[in-house]
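Everything quoted here is computed from the prediction, not taken from an experiment.
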Amino acid sequence: MGTVLDAASKDANGSLLTDKKVTVVFVLGGPGSGKGTQCANIVEHYGYTHLSAGDLLRAEIKSGSENGTMIQNMIKEGKIVPSEVTIKLLQRAMNASGNDKFLIDGFPRNEENRAAFELVTGMEPTFVLFFDCPEEEMEKRLLSRNQGREDDNIETIRKRFRVFMESSLPVIEYYNSKGKVRKIDAAKPVEEVFGAVKEVFTPSNVEVAA
């Protein structure tokens with residue numbers, strides 16, 4: 001399957017991912033669904049390590065490593081970074097954290113990512129936390145956020161919604177068929193959303209899908 005896959009399989013400090021019982025929760029939701037806020041709450045209350053695939057790729061580019069330069073060039077050329085590259089960064093961060101509970105945010109973005117993650121790591125998520133939010137509400141939040149992000153204009157926002165729907169919904173449907181999706185109504189106020197999240201993270205719910 002190629003060297004990147006091999007390297008990803010036996011990355012960094014040995015095989016934490018096979019030696020320990022690791023809890024992995026995929027966190028999915030459209031842009032503006034409030035994933036970041038809720039991930040911060042989960043980290044604070046439940047001791048998870050929050051890993052964002054996008055942040056790891058950006059950090060690797062910033063590091064100036066050979067790998068980072070390759071990632072940057074691919075993005076510049078409009079190419080998709082191979083799943084194995086992102087998974088290798090996730091594995092490295094998991095090993096370095098010393099934790100055994102992880103929120104993986106914004107990944108897998110599509111079915112190919114999902115299949116590659118399971119193949120490379122030999123793991124499935126314990127469950128998938130899906131922040132379900134109507135498009136109009138996400139649009140309103142992104143436009144009012146106004147953090148100076150170039151991509152927070154109406155056309156780009158709608159394009160991001162379409163990409164999410166086309167790419168990520170098949171992943172959600174796949175895990176839903178296995179009884180692993182925990183759907184949260186993300187249109188409610190932040191405190192209410194976290195109330196629903198807390199119900200999902202009670203020990204009885206987390207233990208069942210080992």
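The side-chain heavy atoms of M94 and T49, taken from C-beta on, include no pair separated by under 4.5 Å. Two residues are said to be in side-chain contact when any heavy atoms from C-beta on lie closer than 4.5 Å; L90 and F107 meet this criterion. Under the 4.5 Å side-chain criterion, counting only non-hydrogen atoms from C-beta, V81 is in contact with L57.
Heavy-atom minimum distance, S168 versus P108: OG-O, 4.5 Å. The two residues V27 and F131 make their nearest non-hydrogen contact at CG1-CE1, 3.6 Å. Between S65 and E60 the shortest heavy-atom distance is OG-OE2, 2.9 Å. Contact record, N99 with G47: ND2-O, 2.9 Å, taken as the closest heavy-atom pair. When all heavy atoms are compared, the tightest approach of L51 to A93 is CD2-CB, 3.7 Å. E84 and A116 make their closest contact through OE2-CB, 4.1 Å (heavy atoms, listed as atom of the first residue, atom of the second, distance).
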_Chi angles and distances behind the ring pair (Phe, Tyr, Trp, His ring centres under 6.0 Å) call for F117, F26_ = CA-CA 11 Å; F117 182 87; F26 287 151; 5.2 Å; yes

*Please lay out, stage by stage, how H45 and F194 fare under the test ring pair (Phe, Tyr, Trp, His ring centres under 6.0 Å).*
CA-CA 11 Å; H45 287 79; F194 189 52; 4.9 Å; yes

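With rounding to the nearest 0.5 angstrom, the NZ atom of K21 is 8.5 Å from the CG atom of D100. We find the CG-OH distance between L103 and Y48 to be 7.0 Å, quoted to the nearest 0.5 Å. Distance check: L56 CG to Q91 CD gives 12.0 Å after rounding to the nearest 0.5 Å. Within the model, atoms OG1 of T69 and CD1 of I61 stand 9.0 Å from one another, a figure rounded to the nearest 0.5 Å. Separating the CE atom in M70 from the CD1 atom in I75 is a distance of 10.0 Å, to the nearest 0.5 Å. To the nearest 0.5 angstrom, E66 atom CD is 11.5 Å from I71 atom CD1.
Here the side chain of R141 pairs a donor or acceptor atom with the backbone of G32 at under 3.5 angstrom.
In terms of hydrophobic clustering, with Ile, Leu, Val, Met, Phe, Trp and Tyr side chains grouped at heavy-atom distances under 4.5 Å, M123 and V85 are assigned to a common cluster.
Taking K79 as the reference, E77 meet the salt bridge (Lys or Arg N to Asp or Glu O under 4.0 Å) condition, with sequence neighbours excluded. Every residue meeting the salt bridge (Lys or Arg N to Asp or Glu O under 4.0 Å) condition with R158, not counting sequence neighbours, appears here in chain and number order: E139. In this view, D55 and R58 satisfy the side-chain hydrogen bond (donor to acceptor under 3.5 Å, both in side chains) rule, not counting sequence neighbours. Listed by chain and number, the residues in a side-chain hydrogen bond (donor to acceptor under 3.5 Å, both in side chains) with S83 are E112, N113 (sequence neighbours excluded). Listed by chain and residue number, E137 satisfy the salt bridge (Lys or Arg N to Asp or Glu O under 4.0 Å) test with K140 (two or more places apart in sequence, or in another chain). Under the rule for a side-chain contact (heavy atoms from CB on, under 4.5 Å), the partners of K188 that lie at least two apart in sequence or sit in another chain are D185, E192, V193. By the salt bridge (Lys or Arg N to Asp or Glu O under 4.0 Å) test, E166 is found to be paired with no residue, residues two or more places apart in sequence or in another chain being considered. Partners of S167 under the side-chain hydrogen bond (donor to acceptor under 3.5 Å, both in side chains) rule, at least two apart in sequence or in another chain, do not exist in this structure. In this view, P31 and L142, R160, F161, F164 satisfy the side-chain contact (heavy atoms from CB on, under 4.5 Å) rule, not counting sequence neighbours. Taking the ring pair (Phe, Tyr, Trp, His ring centres under 6.0 Å) definition, one finds that Y46 meets it with F201, sequence neighbours left out.
Identified under the salt bridge (Lys or Arg N to Asp or Glu O under 4.0 Å) test for residues 117-135, with sequence neighbours left out: R114-E118, E124-K178, E124-K180, D132-K183. Applying the salt bridge (Lys or Arg N to Asp or Glu O under 4.0 Å) test to every pair with at least one member in residues 39-53, sequence neighbours left out, gives no pairs at all.
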